[in-house]
Structures are given as structure tokens and as C-alpha cells.
Amino acid sequence: MLIETLGVLRATMGNRISRSLIRLGMGVCKKSGRRRLDNALAIASGEGGCDCPSCRSYSLLVKSLLKLGGRAFGVEYGDIVGYIRDPIVRRGLSSVLMGIGKFGITKPQILNAPFLVVWNFTNACNLKCKHCYQSARGRSPDELSLGEKLRLVDELAEAGVVSIAFSGGEPLVSPEFLEVARRASERGMFVALATNGFLITKEVARELREAGVGYVEISLDSANPKAHDEFRGVEGSFERAARAVAHCAEEGIFTCVATTVTKANLREIPRLIELSKRLGARRFMAFNFIPTGRGRDIIGMDPSPEEREGLLRALYEESKRGIEVLSTAPQYARVCLEASHGLVVSPTHFYAGKAEWGLSVLAEFIGGCGAGRLYCAIQPNGDVTPCVFMPGLVVGNIRERAFLEIWHGSDAMNRMRRRDLLSGNCGQCPYKFVCGGCRARALAYFGDFMAPDPGCIRNEEYYLSIQREMAPRASKA
């Protein structure tokens, strides 16, 4: 099926004529100031778009391309139209089409701009979490100014970025956050917030919704308030986070409870999922532990491959009951496919569900670790990294180069887009296109982001070798 679909895509969407037509749409319409492709998709969806003759004519070409692409995935054109009525979906489709226009059909698919940019808005933070990848404490002296932040939002919007997720530090300690978030929403991007929840009152939750924040992810590391507070370093942080989940849910914001899974809370995950349900969350996200930042100090709390495998299989079973249950561990895609005998697919850590509409095929093109491929990170001072969990791997700075120049010109990110360059078992694994292993974990453990991910059950030999190396150090300590 995959080979047949790939052939159809290359023959239809990826041929020289189709790519030329897509590139034509990457130009800007003089009347609307928007890309012709974006206008054409809006026209096709019936949701508006530019009425100039050029855009109307181009929309007929795009309609033909959508029909051809739908045929490859077995999707009716009417279903596509219904799907792209959502402006964020249209923005995402535009990004994929521009990637095809620029690079052709690739596996994994290379995008013209990332779907998601995770922006560490500030290094200032009101908590002292043991696992913080940023080692966040106070505001950096070289943090972007408000003017620079607003210009960056405009640049990301014009590049075609679909979503911005604000993280930190703690974004809500910055008095500039709401203004910048509102600007991102007004520019047509989906706005998400990752927060410890400490500062979210009912009033703040309402302000977030009014600013256009569509998704809030709040961290809870234990169902036991004392254990959570001890891990986060501030008394009362559990109660504040739990109330924040309820406040955001009551405001109608898509609310997620996020837990970084370690040996300390591994057995608590079922209780945390039940707590998330009671608080009104719509999603529970099990974050993969990455030993970077302050996380290096608790590297011994990293679950073993067996523990991680057991967790992911338990998460799959939990996903059948109630709220969405997902994981940032890329191995979750393999677990879903194996446990469901191919009926459930998780192309990325934003979705897991029935393998309908060719999603099992799509997973081969967009699935697995998205570092430097589907998304990247921006640091408080404008440094760009492939992933928030790779804070030391700086590939450029937006003060010095245009964002898209960095995205296209980074040697490191271009390598991450090549699954055929993965080493060890990750490079040989039949699931390398739906998983590919966590590149941040490979970098943290081996100093090589193309090395095997030692957290996978299929890479147990690498995990054991790490344990043998760590044993002498532990005995001396």
C-alpha cells in the first residue's frame, strides 16, 4: 500500500508540472497581500479568499491538485473540503504543499516551514523544577525586546508556520506575553501555551482565551501534592496547577495535563490520568524524559527500555477510555501499530486514532521525532535549535539571519530530515519512518543526534552499555 501510494503521489503531486504550479502559488497576490496558494485553499473551502481573476483561476488548479492527492490517500474531495474549512488545517496543508513544491515528495516529507515552533519565551521562572531542560531561573540579559518579539511573530507568520507553542521558563511571568500571543493569533497561527499553571486564576484563564490561546498544557508530575511540590521546588504548586487546569477547561480552552515520566512517578500514571479527567482536561500527555539542563542531575531517574515499553503499552490501553492519552516518546507510534495490529496510528504526538483516510501511510511521511523536521525551537535570545531539548545545539539566531534561511540552511536540521542517515538499530528498524527514535535523547547520551535512542526496547544493548559506563561513576559518588 505504501509503495503504491508513494508512486501515485510522485506521479501526481510530485511531478514537475504539479510542483511548478504549487511554486506559482507561493507568490504573493498584489490585491490581498497573501500567497495565491492560501487564497486558493480558502476559495476551495468555501470560506472566502481573494476574488481577483488570478486567484480565482489558480484556485481551479489547486482544486485539481487536491483531488489528485486525495485519490492517493483514498479520500473523497468532499471530505477534503470539509476538512480545510478550518483555517489552521488550511495553513497546515499550505505548508505541506509548499514543501512538495520546493522539494518534491520526500520520505519523510520536508516542509518549507515548520508546522510548529516552540518558543522559550523567557528564562524567568517562578519554580525550580528538577528536570528543567532550560535550567530556568531568571530573565536572560539578552532576551528579545518586545519589538523584536512582535517582529518575530510576523516573520514566522509570513514564513508559513502553522502553530506557535510558548514555553519557558514560565511565559506567564513575562508582562509581554499576552500582547505577543494575541499578535500570533491575529496573524493566523494556532497559539499554545506550556505552563506550570501557578499564575493561572479564573481571570488569567479568561485573558488567555481572549488573547487567542487555543491550547494550554499544564504540568502535574504526581497525583500526590507533596511529591509534586517537592519535584517542582515550591510549596503549593500542586494546588495552583490543579486549579489552573479546571479554570482553563471552564473557559473552553483545549486543556492538557502534561507529566514528565520518571522512575519516581511511573506507577502513578493511571492516577494522574484519572485526576486529569476529574479536573476537566481533554488530553493527558506523557512527556519523554530527556537528560538535558537540570535533567542531567537526575539521569538515574530515566525509565529503562522495559519500563518505557510497559508505560507506552499501558497508555495505549488507557487511550481507549475517556480523554486523549498521548506521549512525546516517538516509540508510541510503533506501540500503537503493534498493539492494534495496524488499526490505530499515531503519526505525531498530537494524534492517535483509527488508521483512516490513509493515516497509516501519512505516518510514514510525517511521523516520528519532529526535531528540525516538523518543528524547531527558539530561545529567549533568538537562538534557533532543532528541539527545546537540544538547548546547546544552536543553528542560527533570528537577530542575524532570516528564520527561513536558518530553517533551510542548517546542516544539523538537514541531517535530521534524513532517516537513512540514522545509525545503529534506529537506522535499520522497520519503524524508522513512523518513529525514528528521539534525537534529543541520542544527543544527550551519545553526543550524536543521529545515534540510537537508548530508551527503546529495540535498543536495549545501547542502554545496557550506558549502564555499565555509569556504574563506576555511581559507586565513586
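One is the number of the first residue; the rest follow in order along the sequence.
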To the nearest 0.5 Å, how far apart are [atom1] in [X] and [atom2] in [Y]?
{"X": "Asp420", "Y": "Lys107", "atom1": "CG", "atom2": "NZ", "result": "11.0 Å"}
{"X": "Leu150", "Y": "Glu179", "atom1": "CG", "atom2": "CD", "result": "5.0 Å"}
{"X": "Cys132", "Y": "Arg232", "atom1": "SG", "atom2": "CZ", "result": "8.5 Å"}
{"X": "Tyr215", "Y": "Arg283", "atom1": "OH", "atom2": "CZ", "result": "4.5 Å"}

Using a 4.5 Å cut-off on heavy atoms from C-beta on, say whether the side chain of [Y] contacts that of [X].
{"X": "Phe115", "Y": "Ser95", "answer": "yes"}
{"X": "His228", "Y": "Glu239", "answer": "no"}
{"X": "Asn196", "Y": "Cys125", "answer": "yes"}
{"X": "Pro386", "Y": "Leu393", "answer": "yes"}
{"X": "Thr195", "Y": "Phe166", "answer": "no"}

Donor-acceptor contact present, side-chain [X] to main-chain [Y], <3.5 Å:
{"X": "Ser276", "Y": "Leu272", "answer": "yes"}
{"X": "Arg151", "Y": "Leu146", "answer": "no"}
{"X": "Arg419", "Y": "Lys432", "answer": "yes"}
{"X": "Asn381", "Y": "Asp383", "answer": "yes"}
{"X": "Trp407", "Y": "Cys376", "answer": "no"}
{"X": "Gln109", "Y": "Thr106", "answer": "yes"}
{"X": "Arg91", "Y": "Val161", "answer": "yes"}
{"X": "Arg243", "Y": "Thr201", "answer": "no"}
{"X": "Asn265", "Y": "Thr262", "answer": "yes"}
{"X": "Arg209", "Y": "Ile253", "answer": "no"}

Which pair of heavy atoms, one from [X] and one from [Y], lies closest together, and at what distance?
{"X": "Pro391", "Y": "Thr385", "value": "O-CG2, 3.9 Å"}
{"X": "Ala159", "Y": "Ala113", "value": "O-CB, 3.3 Å"}
{"X": "Cys426", "Y": "Pro452", "value": "SG-CA, 3.7 Å"}
{"X": "Pro305", "Y": "Pro454", "value": "CG-O, 3.5 Å"}
{"X": "Tyr431", "Y": "Arg458", "value": "CE1-NH2, 3.5 Å"}
{"X": "Arg439", "Y": "Asp453", "value": "NH2-N, 4.3 Å"}

Looking at the rings of His408 and Phe403, which for Trp means the six-membered one, are their centres under 6.0 Å apart?
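That pair fails the under 6.0 Å test.
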Counting only heavy atoms from other residues, nucleotides and ligands, does the tally under 6.0 Å from [atom1] of [X] exceed 12?
{"X": "Lys263", "atom1": "NZ", "result": "yes"}
{"X": "Arg267", "atom1": "CZ", "result": "no"}
{"X": "Glu235", "atom1": "CD", "result": "no"}

Measure up the Phe389 and Tyr133 rings against each other and bin them: parallel (under 30°), tilted (30 to 60°), perpendicular (over 60°).
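Rings of Phe389 and Tyr133: perpendicular, as their planes differ by over 60°.
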With under 30° as parallel and over 60° as perpendicular, where do the rings of His131 and Phe231 fit, or are they tilted in between?
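Ring orientation of His131 relative to Phe231: tilted.
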Is the Lys NZ or Arg CZ of Arg240 less than 6.0 Å from the centre of Phe198's six-membered ring, within 45° of the axis?
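Yes; both conditions hold, so Arg240 lies above the ring face of Phe198.
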Walk me through whether Glu309 and Arg313 qualify under salt bridge (charged side-chain N to carboxylate O under 4.0 Å, His left out).
CA-CA 6 Å; Glu309 186 77 2; Arg313 293 192 175 275; 3.3 Å; yes
Please step through salt bridge (charged side-chain N to carboxylate O under 4.0 Å, His left out) for the pair Asp297 and Lys130, ending with a clear verdict.
CA-CA 8 Å; Asp297 298 331; Lys130 290 183 178 181; over 6 Å; no
Walk me through it: do Lys226 and Glu230 pass the test salt bridge (charged side-chain N to carboxylate O under 4.0 Å, His left out)?
CA-CA 6 Å; Lys226 184 177 179 180; Glu230 194 274 333; over 6 Å; no
